[in-house]
Each structure stands twice: as C-alpha cells, then as structure tokens.
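What follows is one structure encoded as structure tokens, with my remarks underneath.
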Amino acid sequence: TMRQFEANFEEEVRMVIKLTQFNFLDQITHICFALDQEWRFIYLNHKAQQKFFRSPDLLLGESVWNICPLWKDSIFEEEYGKVMIHGGQTRFEVFDRQDQHWRKVEVYRQEEGLLIFFEDILQTKYLEQEFSEQSSLTNIFTQISDILAQKDQLDLSLQKCSEVLVKELNFLVGGIWTYTNQLKQLE
C-alpha cells in the first residue's frame, strides 16, 4: 500500500541521515560516542575506540557503566542523567579517572539517547596551574617588597615577611633566622 511505502521511505531517509551524521562524526578529532536510552553504546568514532581500547564490535550494545565503572556515581552519571531526562545539553570539565585525563565534556540529547563529545584539556589544566603558581609567587614578592619598602627595623620586617610566607604558602608555622656575625650564630 501507499502508506506502507511512505513509512518505509521515511525510515530509509532517517537511516541515510543518521549514517551521514555518523560519517561526519568519524572525521572530527575529538572523542565522540552515542548512547541509547538504556545507556548502551550505539556509536563510537575512531577516537572513542582508541579511548576505550576496544573495537566497535566489542562495545556496541554494551552498557557504558560496565565499560566505565568509575563513571558510575560520578559527575558523568549525574550530568548524563539530567540530559537524558530533561533534554537539552550540558557542558562540564572533569578529571577522568578512567584514563587520568582532564576532559571538557559536551552532552546533547538526541532522539535515540545521548551524543557525547570529549575534548582533552590536560595541557590547558597544566597551563592554568602554572599560571596560578606564577600569580601566587608574584603576589608574595609584591607583599614582601611592600614590607621592605616601609623601612621598619629589620626584625619587624622579617617577622612580617615570615607571616606573608606562612599565609600565602599555607604553612602552619614559619620563621626567618638571621646570622649574628659577632656571636657567629643564627638567631
């Protein structure tokens, strides 16, 4: 019948669109995979196959929670669940204990389930940490310079500098010793 023909034709068009979409996703450089509404893998690009160290034959149809047990009861499960239930999309950054990498994760609701992208941001996190450490050191040097510019007595200036170091470096206690040349000892 005509209705059956139209229904078959619409299904074939949907399949072609889906295959075209997946062919496009195979070309991107980020990890990309899709989960159905039962949390099973239904698509993995080549980067995702490398991440999970398995071929699609071994992953397709498998539960993401069985393949990645460290994601259970974590931000992954929480955020994936929100998008699965409420739709829309979400983005978050997380340290992936599965492979010890920082990831920026983007999750999108699709008709079949979820489409998920991972971007490796390990280098960005290292640079952020380095910048933070440099900023902290600059802050310490500025505070100590200000103290020394006040031209207080040496012992008072050193005490103030010690307090800055203890506070900024999160030490419990600290002190600065001076050497007395006459007594030939540290005080």
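Just so we're clear, the structure is a prediction, and the values are computed from it rather than from any experiment. These numbers come from the heavy atoms of this one structure, side chains and all, not from hydrogens, waters or symmetry mates.
Using a 4.5 Å cut-off between side-chain heavy atoms of Ile, Leu, Val, Met, Phe, Trp and Tyr, with links allowed through other members, F171 and V164 fall into the same hydrophobic cluster. Note: the hydrophobic cluster containing I75 also contains F118 (ILVMFWY, side chain heavy atoms under 4.5 Å, direct or indirect links). Put simply, F141 and L148 are part of two different groups of oily side chains (I, L, V, M, F, W, Y) that touch within less than 4.5 Å, one to the next. L58 is not connected to L60 by any chain of hydrophobic side-chain contacts under 4.5 Å among Ile, Leu, Val, Met, Phe, Trp and Tyr, and they are in different clusters.
Using a 4.5 Å heavy-atom cutoff, the side chains of V64 and F76 are not in contact. Contact of the Y108 side chain with the V83 side chain is not registered, since no non-hydrogen atoms from C-beta on lie closer than 4.5 Å. R40 is not listed as a side-chain neighbour of L35, based on a closest heavy-atom distance of 4.5 Å or more. Within the 4.5 Å cutoff, the side chain of Q37 has heavy atoms near those of the M84 side chain.
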Exercise for review: Evaluate side-chain contact (heavy atoms from CB on, under 4.5 Å) for F95 paired with R103, printing each intermediate quantity in order.
Suggested key: CA-CA 6 Å; F95 184 74; R103 306 275 187 210; over 6 Å; no
Check your understanding: Should E163 and Q159 be marked as a side-chain hydrogen bond (donor to acceptor under 3.5 Å, both in side chains) after you check the CA-CA gap, both sets of side-chain angles, and the distance that decides it?
Key -> CA-CA 6 Å; E163 290 169 2; Q159 176 61 35; 3.0 Å; yes
Exercise for review: Check the pair R91, K104 against side-chain contact (heavy atoms from CB on, under 4.5 Å), reporting the backbone distance first and the verdict last.
Suggested key: CA-CA 7 Å; R91 291 186 175 111; K104 180 171 80 173; 5.5 Å; no
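Residues I147 and S157 come closest through the heavy atom pair CG2-O, 3.6 Å. Between L44 and Q49, the closest heavy-atom pair is O-NE2, 3.3 Å. The shortest heavy-atom contact between F33 and A48 is CB-CB, 4.3 Å. The minimum heavy-atom distance between C161 and I144, with the atom names listed, is SG-CG2, 3.7 Å.
Taking the side chain to side chain donor-acceptor pair (under 3.5 Å) definition, one finds that S136 meets it with nothing, sequence neighbours left out. Qualifying salt bridge (Lys or Arg N to Asp or Glu O under 4.0 Å) partners for K72, counting only residues two or more places apart in sequence or in other chains: E77. Not counting sequence neighbours, the partners of N139 by the side-chain contact (heavy atoms from CB on, under 4.5 Å) test are Q143, E168.
Taking CG of L70 as the reference point, atom CZ of R97 lies at 5.0 Å (rounded to 0.5 Å). Taken to the nearest 0.5 Å, the CG atom of N66 stands 12.5 Å off from the CH2 atom of W71. Between F117 atom CZ and H30 atom NE2 the span is 9.0 Å, to the nearest 0.5 Å. Taking NE2 of H101 as the reference point, atom CD1 of I31 lies at 8.5 Å (rounded to 0.5 Å). How far OH of Y80 is from OG of S74: 8.0 Å, rounded to the nearest 0.5 Å. Once rounded to the nearest 0.5 Å, the distance linking CH2 of W39 with SG of C68 reads 13.0 Å.
When each of K82, R109, E79 is checked for a side-chain hydrogen bond (donor to acceptor under 3.5 Å, both in side chains) with T90, only E79 meets the rule.
When the shell of 6.0 Å around CZ of F92 is examined, it contains more than 12 heavy atoms from other residues, nucleotides or ligands. For CD of Q150, the number of neighbouring non-hydrogen atoms (other residues, nucleotides, ligands) closer than 6.0 Å is greater than 12.
Using modelled atom types, no side-chain atom of E38 and backbone atom of S63 make a donor-acceptor pair closer than 3.5 Å. Between the side chain of N45 and the main chain of C32, a donor-acceptor pair closer than 3.5 Å is present.
The existence of a salt bridge linking D96 and K51 is confirmed by a sub-4.0 Å separation between a basic side-chain nitrogen and an acidic carboxylate oxygen.
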